[in-house]
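Worksheet for the structure shown next.
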Amino acid sequence: MENRDEALVQYKWSLQMKYKTLGMLRAAGFQKDVNDHMMDMGTTYFLSSHREPYRVDVQAGLLVQLQSGGFHPLDTEAGLNGAYIFVMTGDGRIYSGNKQEVQHHSSFLAGREVAAAGAWIVRGGRLTMITDLSGHYQTPTDYVEQVLTELKSRGVNLSTVTRKWEGMSSKETAKRLASAGLQRERIGDKSVEKTKY
């Protein structure tokens, strides 16, 4: 029954996409998850009902998460280097958690496509720094910028947020890979896709 319900949730979800999405890299993210499973260190994949404690909402301009029966300002201080990892779905839902607990970006959405993935520092609900760091997805910067677009639309002040981009935009990445004669394979929701970035 849960598989049928999960399929229905995914179908409804696909009808409401606001943002472009991409799958995890086959040679990096997917292979890492397979290797973890083979070594009995399995990557935990959350079904929709199990990911809700990691969902991030916005109240009065602050990032909040449901904890102990109520919403509390998100604070990432307990995370590795004071940061949590995050992902955003194509319909704008955001999930974030301590990497020591969640493991990988692929955990939040059970390996499905994301609109953004990275890490951020949040203090008392206020976003102070964001990165595009994700080995599984290696999301181009224009994809990660989508989470900032979503947060701004919900009333978050981004004027003091530091952006630390390690990667490049999808255009720059495509140009660099093309000049080297390379393409990447990404695991999409329906199949493996060849992509320029």
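In this chain, numbering begins with 1 at the start of the sequence shown. Note that this is a predicted model, so its numbers are computed, not measured.
No option in Gln138, Glu193, Arg26 other than Gln138 meets the side chain to side chain contact (heavy atoms under 4.5 Å, CB included) test with Arg184.
Within the 3.5 Å criterion, the main-chain N or O of Tyr137 finds a donor-acceptor partner in the side chain of Arg186. Judged purely by atom type and a 3.5 angstrom limit, Gln183 has no side-chain atom pairing as donor or acceptor with the backbone of Thr195. At least one donor-acceptor pair under 3.5 Å links the side chain of His72 to the backbone N or O of Gln67. A distance-only check finds a donor-acceptor pair linking the side chain of Ser107 to the backbone of Val102 [under 3.5 Å]. The main-chain N or O of Met17 is never found under 3.5 Å from a side-chain atom of Asp91 such that the two would form a donor-acceptor pair. Thr76 contributes a side-chain N or O that, together with a main-chain N or O of Val122, makes up a donor-acceptor pair within less than 3.5 Å. No side-chain donor-acceptor contact under 3.5 Å links Thr141 to the backbone of Trp165. Looking at Gln146, its side chain does come within 3.5 Å of a backbone N or O of Ala115 through a donor-acceptor pair. Side chain of Glu172 to backbone of Ser169: a donor-acceptor contact under 3.5 angstrom is found. When atom types are taken as modelled, the side chain of Ser96 and the backbone of Ile85 share a donor-acceptor pair closer than 3.5 angstrom.
One side chain, Ser170 or Asp142, offers a donor N or O that lies under 3.5 Å from an acceptor on the other. Between the side chains of Tyr84 and Gln100, no donor N or O sits under 3.5 Å from an acceptor N or O. Side-chain contact, Tyr19 with Glu150: a donor N or O sits under 3.5 Å from an acceptor N or O.
With values rounded to the nearest 0.5 angstrom, Gln65 atom CD is found 9.0 Å from Asp57 atom CG. One finds the OG1 atom of Thr89 at 11.5 Å from the CD atom of Glu113 (value rounded to the nearest 0.5 Å). Atoms NZ and CZ, from Lys99 and Phe86 in turn, are 13.5 Å apart once rounded to the nearest 0.5 Å. Annotation: the span from Thr139 atom OG1 to Met24 atom CE amounts to 13.0 Å, rounded to 0.5 Å. Distance CG/Leu80 to CD/Glu101: 13.5 Å, rounded to 0.5 Å. Taking CG from Leu66 and CZ from Arg55, the interatomic distance works out to 11.0 Å, rounded to the nearest 0.5 Å.
In this structure, the side chains of Val114 and Thr21 stay at 4.5 Å or more apart for every pair of heavy atoms. Within the 4.5 Å cutoff, no side-chain heavy atoms of Thr128 are placed close to those of Thr162.
For the pair Gly135 and Ala28, the tightest heavy-atom approach, listed with the atom from each and the gap, is O-CB, 3.6 Å.
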I would like to know whether Leu74 and Trp120 meet side-chain contact (heavy atoms from CB on, under 4.5 Å); could you show each step before the answer?
-> CA-CA 11 Å; Leu74 179 62; Trp120 57 15; 4.1 Å; yes
side-chain contact (heavy atoms from CB on, under 4.5 Å) between Arg51 and Tyr95, intermediate numbers included | CA-CA 8 Å; Arg51 65 179 70 115; Tyr95 299 93; 3.6 Å; yes
Step by step, work out the side-chain contact (heavy atoms from CB on, under 4.5 Å) result for Ile94 and Arg154.
-> CA-CA 12 Å; Ile94 302 166; Arg154 295 193 208 177; 4.1 Å; yes
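No more than 12 heavy atoms of other residues, nucleotides or ligands sit less than 6.0 Å from atom CZ of Arg126. For Arg176, the CZ atom counts as loosely surrounded, since its 6.0 Å shell holds 12 or fewer non-hydrogen atoms of other residues, nucleotides or ligands. Other residues, nucleotides and ligands place no more than 12 heavy atoms under 6.0 Å from the NZ atom of Lys171. Annotation: Lys20, atom NZ; neighbour count of heavy atoms from other residues, nucleotides and ligands within 6.0 Å is above 12.
Under a hydrophobic-cluster definition in which Ile, Leu, Val, Met, Phe, Trp and Tyr are linked whenever side-chain heavy atoms come within less than 4.5 Å, directly or via other members, Leu63 and Val147 are assigned to the same cluster. The hydrophobic cluster containing Val64 does not contain Ile121, counting ILVMFWY residues as joined when their side-chain heavy atoms lie under 4.5 angstrom apart, directly or transitively. In the hydrophobic clustering of ILVMFWY residues, with side-chain heavy atoms under 4.5 Å counting as a link, Met168 and Leu22 come out apart. By the rule that hydrophobic residues join a cluster once side-chain heavy atoms approach within less than 4.5 Å of another member, Leu62 and Val161 end up as members of separate clusters. Under the 4.5 Å side-chain heavy-atom criterion for grouping Ile, Leu, Val, Met, Phe, Trp and Tyr, Val56 is connected to Val144 within one hydrophobic cluster.
Between Tyr54 and Phe46, the angle of the ring planes stays under 30°, which puts this pair in the parallel group of the 30/60° scheme.
You'll find the ring centres of His136 and His105 outside the 6.0 Å limit.
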